[in-house]
Amino acid sequence: MDQIVIRGGNPLNGSITISGAKNSALTLLPCALLTDEPLTLRNLPRLADIDGFGHLLNMLGCSTTIEGSRPEDFGRVMTARATNVTSTMAPYDIVRKMRASILVLGPLLARMGEATVSLPGGCAIGNRPIDLHLKALEALGAELEMASGYVRAHGPGGRLPGGRFHFPVVSVGATENAIMAAVRAKGTCVLSNAAREPEIVDLCNCLVAMGAHIDGIGSETLTIEGVDRLHGATYRVMPDRIEAGSYACAVMATGGSIDLIGARADEMTATIDALVEAGASVEATKNSIKVSHAGRPRGITLSTAPYPGFATDMQAQFMAMLALADGTSMLTETIFENRYMHVPELARMGADITVKGRSAVVRGVDGLVGAPVMATDLRASMSLIIAGLAAQGETQVSRVYHLDRGYERLEEKLAAVGADIERISAG
Ligand code: EPZ
């Protein structure tokens, strides 16, 4: 297994191009199943999960071809075409490794009138149930049966009749599955208390480009008038707001000034507000955000929440930065039940963090010390990278396959702005 080795203490200066958003790409790819025409996605990040999803699409009969990048894109171009869907099954060995595979449920139901998808099981940050996905699809007329760890869904007579569903808890994935099932329903679907993340907006905009009829995009109530068929489209994946926020936390921890090229400030207001409160200087243009900082961050209080609140996917990265603050911070994780796996690893580097239930008290220290640490999940691994960039001495981060799921060419991007960082391949 590869390791990333960092010799910390260098300030970060220069510019980083932000890749296409992983969490948007993973819901745009299954849209290819909704039509027999080609869906071309631009600015796709080069990430393990994207390749994994392409493999799943191939198993379902959808062809995928990767082209080079366009000059204006950092990411790749992929054309996916499901001329004929030859399977409606997403097997356990795929779904357990990549939870986002569950997002083929809605599109397969919409296109084929049936789907058999493995229950994903839990992961490091929580048990991650899919009950809301299933309740939403049932409300739209799907008939579900569970057997041997699989859910089998089918629409009476093929297409879903349509209906209304109010999400009791905001769920990004359940909203995405419901939208993709609804766009080809026989009738109209109304989803209330739907997730409003920018990735949901990206999904809706792509579906509209494919001929879907969706009202209320960006709001918590979506009204979707089902259509008989959707056509192909070419769509550019939005920039990754979590990647951008992660590098902003890195420069806050090390000092310096980084221009995040491609980042959209209007999709990151809660993150930017928190950075400014912690002492950052932030200059936003239409398509970039410049984050500068000198000295230690200030301690702040943060609580994660569904968008437009402070993103749970930013919690671990802020914690690493705030471990160096001149003051105490309080972070509360309201979305997942076990998203503090980075705390013991940060403590090994000298961080002073106390977890009490859903909250963590972070007492800033004036320096961290490099150490061998282990990544446990995607965002936890980025918090260890951030700590290593600021720490005195050498940090070896192991199990970086977690990192490779969400950060494209991380060492290259960080080395280009002054970090002393390298990947040691384990062969
Ligand atoms: C998406 O996960 C993201 N993943 C996550 O990013 C992100 O943390 C999360 O949304 C919240 O923003 C992708 O988009 C691929 P949820 P998702 O359904 O859809 C509970 C990363 O680091 N819930 O909004 O799985 C759930 O347990 C990843 O990039 C149910 O109870 O998240 C959680 O407590 C990690 N029943 C809460 O809702 C359900 O049926 C929010 O989960 C579904 C979810």
Side-chain angles (χ1 to χ4, degrees), residues 19-30 45 47-50 52-53 56 95 97-106 117 119-139 144 146 151 165 167-180 191 193-203 220 237-238 240-246 267-268 270-271 304-318 332-342 358 375-383 402-408:
S19 298
K22 164 183 81 87
N23 289 350
S24 176
L26 290 174
T27 192
L28 294 177
L29 283 164
L47 296 170
D49 276 8
I50 303 301
F53 213 105
L56 173 58
V95 179
K97 283 181 279 195
M98 187 179 62
R99 299 182 37 75
S101 312
I102 190 73
L103 294 174
V104 300
L105 181 54
V117 178
L119 297 175
C123 75
I125 64 176
N127 72 23
R128 312 288 295 273
I130 63 163
D131 56 315
L132 296 175
H133 296 240
L134 304 182
K135 285 179 184 141
L137 295 175
E138 274 185 318
L144 307 177
M146 315 290 277
V151 58
F165 184 68
F167 287 91
V169 170
V170 172
S171 162
V172 171
T175 299
E176 291 165 344
N177 250 330
I179 291 169
M180 292 188 282
L191 305 174
N193 199 30
R196 300 167 50 198
E197 274 67 3
E199 293 75 21
I200 304 272
V201 173
D202 225 24
L203 169 64
E220 62 180 38
V237 179
M238 63 176 274
D240 194 318
R241 61 193 172 101
I242 306 300
E243 183 196 23
S246 301
E267 294 170 348
M268 300 175 60
T271 294
T304 65
Y307 191 88
F310 181 78
T312 174
D313 291 350
M314 287 303 311
Q315 177 257 113
Q317 301 90 305
F318 265 79
T332 302
E333 174 55 63
T334 69
I335 306 291
F336 291 108
E337 62 269 30
N338 188 34
R339 206 168 196 178
Y340 287 133
M341 307 274 276
H342 41 287
R358 289 272 181 147
T376 52
D377 57 87
L378 170 55
R379 304 306 172 183
S381 50
M382 189 60 191
S383 81
H402 290 291
L403 202 67
D404 295 339
R405 300 189 63 166
Y407 291 93
E408 178 181 15

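Whatever order the structure lists them in is the order used to number ligands and atoms, beginning at 1.
- Counting only heavy atoms of the protein, atom 40 (O) of ligand 1 lies nearest to Leu132 N, 2.7 Å.
- Residue Pro129 touches ligand 1 through backbone and side chain together, judged by heavy-atom distances below 4.0 Å.
- At under 3.5 Å, not a single nitrogen or oxygen of Glu197, backbone or side chain, sits near a nitrogen or oxygen of ligand 1.
- The option from Asn338, Asp49, Val172 that lies nearest to atom 24 (O) of ligand 1, judged by heavy atoms, is Val172.
- Scanning the protein heavy atoms around atom 18 (O) of ligand 1, the nearest turns out to be Ser171 OG, 2.7 Å.
- Salt bridge Arg241/Glu199: present, at least one basic N to carboxylate O contact under 4.0 Å.
- Classification of Asp313 and Arg339 as a salt-bridged pair holds, one side-chain N sitting under 4.0 Å from a carboxylate O.
- Residue Asp131 has at least one nitrogen or oxygen atom sitting less than 3.5 Å from a nitrogen or oxygen atom of ligand 1, judged on distance alone.
- Considering both main-chain and side-chain atoms, Gly173 comes within under 3.5 Å of ligand 1 through a nitrogen or oxygen pair.
- In terms of modelled atom types and a separation under 3.5 Å, the side chain of Arg358 and the main chain of Thr334 share a donor-acceptor contact.
- Pairing each heavy atom of Pro45 with each of Ser19, the nearest pair is CB-CB, 4.2 Å.
- The heavy atom nearest to atom 21 (C) of ligand 1, out of those in Asp377, Ile335, Thr312, Asp313, is found in Asp313.
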Please report the C-alpha distance between Lys22 and Leu378 in whole Å, then the side-chain angles of each, then the deciding distance to 0.1 Å, and finally whether the side-chain contact (heavy atoms from CB on, under 4.5 Å) criterion is met. CA-CA 12 Å; Lys22 164 183 81 87; Leu378 170 55; 3.6 Å; yes
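- Taking both residues in full, the closest heavy atoms of Gln317 and Ser246 are given as NE2-OG, 3.0 Å, listed atom of the first, atom of the second, then distance.
- Thr175 places a side-chain N or O within 3.5 Å of a backbone atom of Ala195 that can act as its donor or acceptor partner.
- Among Glu333, Arg339, Arg379, the residue whose heavy atom lies nearest to atom 35 (C) of ligand 1 is Arg339.
- For atom 3 (C) of ligand 1, the nearest non-hydrogen atom of the protein is Asn23 ND2, 3.7 Å.
- In terms of modelled atom types and a separation under 3.5 Å, the side chain of Glu197 and the main chain of Tyr307 share a donor-acceptor contact.
- For ligand 1, none of its N or O atoms has an N or O atom of Phe336 under 3.5 Å away.
- Residue Lys22 touches ligand 1 through its side chain alone, judged by heavy-atom distances below 4.0 Å.
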Can you give me every donor-acceptor pair (side chain of residues 130-139, partner residue at least two apart or in another chain, under 3.5 Å) with its distance?
unit_1, atom_1, unit_2, atom_2, d
His133, ND1, Asn177, ND2, 3.0
His133, NE2, Ala174, N, 3.4

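- Counting only heavy atoms of the protein, atom 25 (O) of ligand 1 lies nearest to Arg128 NH2, 3.0 Å.
- Counting protein heavy atoms only, atom 38 (O) of ligand 1 is closest to Val169 CG1, 4.0 Å.
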